K.L.:
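Quick one: the structure is below, and I'll ask about it shortly.
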Amino acid sequence: MRHSLALLVTTAMCAVLSPWSASAADQADQISRGQYQAILGDCAACHTKPGGQPLAGGAPLETPFGPLVPPNITPDLETGIGSWTAEEFKTMMRTGIGHGGKRLYPAMPYPAYTKMSDRDVSDLWQYLTTVQPVKNEVEANQLPFPFNIRFSLFGWNLLNFTEGTYQADPSRSDEWNRGAYLVTGAGHCSTCHTPKSIMGADQEGQFLKGSSLQGWYAPDITGGNHTGIGSWTSDDIVTYLKTGVGTKTIASGPMAEAIENSTSRMEDADLAAIATYLKSLPDDSKATSTALPANDPRMIAGQAIYRDNCSACHSADGKGAMPLFPALSGNQIVQQGSPETPAHLVLFGSQGAQTDARPTNPSMPSLAWRLSDKQVADVLTYVRNSWGNAAPAVTESDIKKTMESR
Amino acid sequence: MLVGTTGSAFGRTFSGGLPWKAASADPPVPISPGGWRFFTEGEGRLVSAIVDRLIPADDLSVSGNDAGCAVYIDRQLAGDYGSSSRLYTKGPFLKGIPQQGYQGQPNPSELYRRGLAAITRYVAEKYDGKAFGDLSPDQQDSFLTELEADRIELPDGVGGKEFFGFVLNNTMEGFFADPVYGGNKDMVSWKMLGFPGARYDYRDHVSKHNEPYPHPPVSILGAMDWASK
C-alpha cells in the first residue's frame, strides 16, 4: 500500500513536471526569438543612450516639432514598462496607444510596428520582460505647445495611420513577402528613408525615396540607378547590411548605427529577403540631373579643393580605394537631391560601421577647421558633378544648415 | 601592487571600434597678426635688419623680413620654443657634440634677449653709436660674416658664433615652414623651389618623368585657387 502510494505520487509528479519542463523550453525559445525581434526592430537605436544602460532610455530625438526622449523600456516597475501587461504592449505596438491610454508620438514607429505578427510582438514582449530592470525616469514629451498635447495624436492617427498586420501578397514569393514584412514592419526602414509630410507622416507615393533627418540624408533606396540602388545586386545589398561596407560606399551616421545594432546581426536569409524586396521596388524616379560644365567657377575651385583635400584617399578620378576609401564616382549618396550627408561627412567627419566582418572601421577626418562654408559647397558641387555624377549644385546656405544641425 | 596601480593608471583598453570623435581636429593655430609678442621695438628692428641680410631681396624672392621671418621668430620665442617648455631643461649641462644640437642652460628666449643686447652694444661702440639697421649693407654683411666665423667677441660673454647659428637656423625655418607659422608669406619659398606644399599623394605623377609638377603649392591654411571667382 505504502509502496503503491509512493509510485502514485511519483507518477503524479511526473505528470505535473513534464508539461512544465516543456513550457520552460518553449519560453526560452520564445525569449530568444523575442531578442531577435528586438534586433530586427533595432529598439536599442533609440531606447539606449550612447554608453548608457541597455534600453533604459535614449538620447533626445530632434524632430521638426521639438525634442522627444525615447523612454525607459526595461521592466522597472516605476520608471520602465514593468507594470505593463502583454496585452497593453501589443496594443501599443499596434495602435500607438500605450499604458493608461497614453498616445505615443509617431517618432515611435508604430505605423510600421503595426504590421508585425501577433507572434513576433508577443515574443518581443516576453524578451523585454527578461531585460535587466533599470531605474531611470525619462520625461519623454519635451515638445513645445501645441505639439505637447498628446490628444492631437488622435487626429494625426485618423489622417495618417492605418492599423493592421502585414498581409502577404500571394502573387509573390515567400522570400519577397518576408522581405516586405521586415522592411515595412519591424525593420521600419521608412521611418528614416521615406520623406515626411508637413505633419511628419510618410508622404504618399514617396516610399523609401529618401529623407532628411538629424542633419543627415537617408538616401533613396528604391530601384533608380541615379540616386537609388538599381545598380546594386542583391548580394551587394546583403553584404552592405551585414558588414557596413558596399561596393562603393561605407555606411556612416545613423545607418552605421542601424547596421551595427541591427542589420549586421540579422540572419542571412532575412537579409536576402530584404534585398529581394528592395530590388523589386520600381525605378520610377523621373528626376534626372545634368552635370554642371567643368568650366563653371564653382567646379574649377571645387576641383582645386578636391585635389588638395580629398584626392589622396578618394583619388583624383573619384574611384577611391575600397574597402577603405569610398568611391565617389557613381556613388549614390553624393548624388541625392539633398547634399546633407556628404556635407555632414566633410564638416564633421565620420566613422564607418564597426561589424564582425569589418572590425577596423575606417574614419574620415573633419575638415571644417580648414574649409570655409563656400569651399565645402564648391568641393561638393564638384564631387556631385564629376566622373559621370550629376546633381544640383550645393550652396553656402546648404552648408550652414548642416553646420547648425549638430 | 604598486606596479599594478601604475599599470592601470597609464594603460588604456579599447574594445569594439577604434576611438573616434566627430568634428575633432587638432590643427596648428595660425599666428596672431599685429606687433611684436616677444621682441621690444629695438629688438624687432635689429632682427628685421639681420634677416634681410641673411635672405636679401633678389630676383628669386622677396627679402627674409618681407617673407615674415622676423615675425616667425618673434612668435616662436613668445611660445613653447622660446621657453623650452616642451624640453628637459635641468642639468647637468655638458657641451655635447654638434650633432646633439644645443645643450646649453639658457632657453632660446633668454639667448635672444642677451644676444641682441650684446650685438646692439658692440655695434654702437664700434660704429659711433649707430644701430645695426643704420649700417650700410656691406658693413652689415661684414659684421655678420665675422660673427659667423667666430672672430667677434661680443660683450657680456655672449657666444657670437652660437647666437648667429640660432638666428640663421630660425630665419631658414621661418622662410621655408608653412605660412601658418608667420613666415614664408604667400608660400614664396615654395614657389621659388617648386615645392608642392602640404600634400601627401603623388600617385598620378610618379610615372610622369621629366615633367614639371603642374599644381601650385598648398599651405595648411589652403591655396589661392580654392576661392571661386
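Quick caveat, the model's predicted, so the values are computed rather than measured. Residue numbering restarts at 1 for every chain, and letters A, B, ... go by the order of the sequence lines.
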K.L.:
Only pairs of heavy atoms separated by less than 4.5 Å count here; which of Pro362(A), Ser363(A), Ser350(A), Pro365(A) has the most with chain B?
P.N.:
Ser350(A)

K.L.:
When only pairs under 4.5 Å are counted, which of Cys313(A), Ser372(A), Ala312(A) shares the most heavy-atom pairs with chain B?
P.N.:
Ala312(A)

K.L.:
Is chain B contacted by the side chain of Asp378(A), its backbone, both, or neither, given a heavy-atom distance below 4.5 Å?
P.N.:
side chain

K.L.:
Heavy-atom distances under 4.5 Å only: say whether Asp317(A) touches chain B with side chain, backbone, both or neither.
P.N.:
neither

K.L.:
Is a donor on one side and an acceptor on the other found under 3.5 Å between the side chain of Ser24(B) and the backbone of Lys21(B)?
P.N.:
yes

K.L.:
Before giving the answer on ring pair (Phe, Tyr, Trp, His ring centres under 6.0 Å), spell out for Tyr72(B) and Tyr181(B) the whole-Å C-alpha distance, their side-chain angles and the decisive distance to 0.1 Å.
P.N.:
CA-CA 6 Å; Tyr72(B) 165 83; Tyr181(B) 302 109; 7.1 Å; no

K.L.:
What part of Met364(A) is in contact with chain B, defined as an atom under 4.5 angstrom from a non-hydrogen atom: side chain, backbone, both or neither?
P.N.:
backbone

K.L.:
Against chain B, label Leu371(A) side chain, backbone, both or neither, depending on which of its atoms sit under 4.5 Å from a heavy atom there.
P.N.:
side chain

K.L.:
Contact part of Ala368(A) toward chain B, heavy-atom cut-off under 4.5 Å: side chain, backbone, both or neither?
P.N.:
neither

K.L.:
Only pairs of heavy atoms separated by less than 4.5 Å count here; which of Gln303(A), Arg307(A), Lys374(A), Arg298(A) has the most with chain B?
P.N.:
Arg307(A)

K.L.:
If we only count heavy atoms from C-beta on, is the Thr48(A) to Gln53(A) side-chain gap below 4.5 Å?
P.N.:
no

K.L.:
Roughly how far, to the nearest 0.5 Å, is OG of Ser83(B) from CZ of Phe38(B)?
P.N.:
10.0 Å

K.L.:
Rounded to the nearest 0.5 Å, how far apart are CZ of Arg384(A) and CD of Gln335(A)?
P.N.:
8.0 Å

K.L.:
Under 4.5 Å from any heavy atom of chain A, what part of Ala223(B) do you find: side chain, backbone, both or neither?
P.N.:
side chain

K.L.:
Among Ser211(A), Ser212(A), Pro219(A), find the residue that satisfies the side chain to side chain contact (heavy atoms under 4.5 Å, CB included) test when tested with Gln336(A).
P.N.:
Pro219(A)

K.L.:
Parallel, tilted or perpendicular: which fits the ring planes of Tyr112(B) and Phe166(B), with parallel below 30° and perpendicular above 60°?
P.N.:
perpendicular

